[in-house]
Amino acid sequence: MASSHLYFVAPFRTLRSSPSLPKSPRFPLHVSRSSHLLTHKTLAFSTVIRGASGSGRSSWRAMAEKGKGKVVVFDSEEDLSVSLAKYTADLADKFSKEKGSFTVVLSGGSLIKSLRKLVETPYVDAVDWSTWHVFWVDERVVPKDHDDSNYKLAFAGFLSKVPIHPGKVYAINDALPAEGAADDYETCLKHLVKSNVISVSAATGVPKFDLMLLGMGPDGHVASLFPGHPLVKEKEKWVTFIKDSPKPPPERITFTFPVINSSANIALVVCGAGKAGPVNAASGNGQNSDPLPVQMVSPEGELVWFLDKDAASKL
Ligand SMILES: O=C(O)[C@H](O)[C@@H](O)[C@H](O)[C@H](O)COP(=O)(O)O
């Protein structure tokens, strides 16, 4: 068997309390290459700590102490995708049992590919998809059949493969320009809050999604909230728009930080050496005076970083 290691390097909480390994997992953890390490029982803390270098450990300690979440580093994106599927399925199960629904927010980009194990055995058959409500943290202002559409990406890689009711998939109104599309999406969220589909943060009164699955760009952006852009400071709107996105296409709508940070759970899914710098900055090692958008991700609930070893290489 090829050697593959999963390193859990945020050493200050027991794995039993990790949402990636909940107390009573409904779904068995299916892994291919690293099953000797990745079972619920054998994923011992000491095992994973051994995988971390000394400097890496102190970086993550800084992150953990600042309340920036738990960190899981995988040898490969393949291993990461296995764990991400289980984490997502277990949270869906938990929320569905608690309140009869599961509200999940997707990003565009490579995140959708990293969700691929969720549409495979055992999850594709075992998950109760009837409770799912699907949203986007950001969307490009293009028709839904355009190659730049996050909806199209998610449909091709995820939604077309599972029986989520189309009426519970909340895509952008692509007949509207950016500003109208953002207002329309915010109105949609308000209706769903009113009808108790989306929970509300008692602290902030804004929507509290059960799970946000966020990617991060090499510049440290999340959603369509880019470094140095005034939208990162938006406090009132739930959904806003941008017409000068540095990442093409330029016109997008995006959730704002008040909504992102009200989440019950956020997974930050980051792979590749090109993103190691912002990951390092987020760990507390950054020199930047203005925080990167990714450094502003600080949910009411749980934050878990899913990193491959290249993304963690500067720690
Ligand atoms: O629509 C988008 O562009 C995304 O939602 C964006 O925020 C994405 O998640 C990051 O840019 C990371 O993308 P990659 O994972 O493809 O690098």
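Numbering of ligands and ligand atoms starts at 1, following listing order. The model shown is predicted, which means the values in this text are computed figures rather than measured ones. What's counted below: heavy atoms across the whole structure, side chains too, no hydrogens, waters or symmetry copies.
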Just list the side-chain donor-acceptor pairs under 3.5 Å for residues 151-162, sequence neighbours left out, or say none.
from   : atom 1 : to     : atom 2 : distance (Å)
Lys152 : NZ     : Asp145 : O      : 3.4
Lys152 : NZ     : Asp147 : OD1    : 2.6
Ser160 : OG     : Phe155 : O      : 2.7

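Each ring pair (Phe, Tyr, Trp, His ring centres under 6.0 Å) pair with one or both residues in residues 226-253, not counting sequence neighbours, appears once here: His221-Phe226.
Donor-acceptor pairing under 3.5 Å is recorded for the side chains of Ser262 and Thr204. There is a side-chain donor-acceptor pair under 3.5 Å between Lys99 and Ser101.
Shortest non-hydrogen contact noted between Gly274 and Pro218 is O-CB, 3.6 Å.
At a heavy-atom cutoff of 4.0 Å, ligand 1 is surrounded by Ser107, Gly108, Gly109, Ser110, Asp138, Arg140, Asn150, Gly215, Met216, Gly217, His221, Ala223, Lys247, Arg252, Lys275.
Residues satisfying the ring pair (Phe, Tyr, Trp, His ring centres under 6.0 Å) test with Phe135, not counting sequence neighbours, are Tyr170, Phe209.
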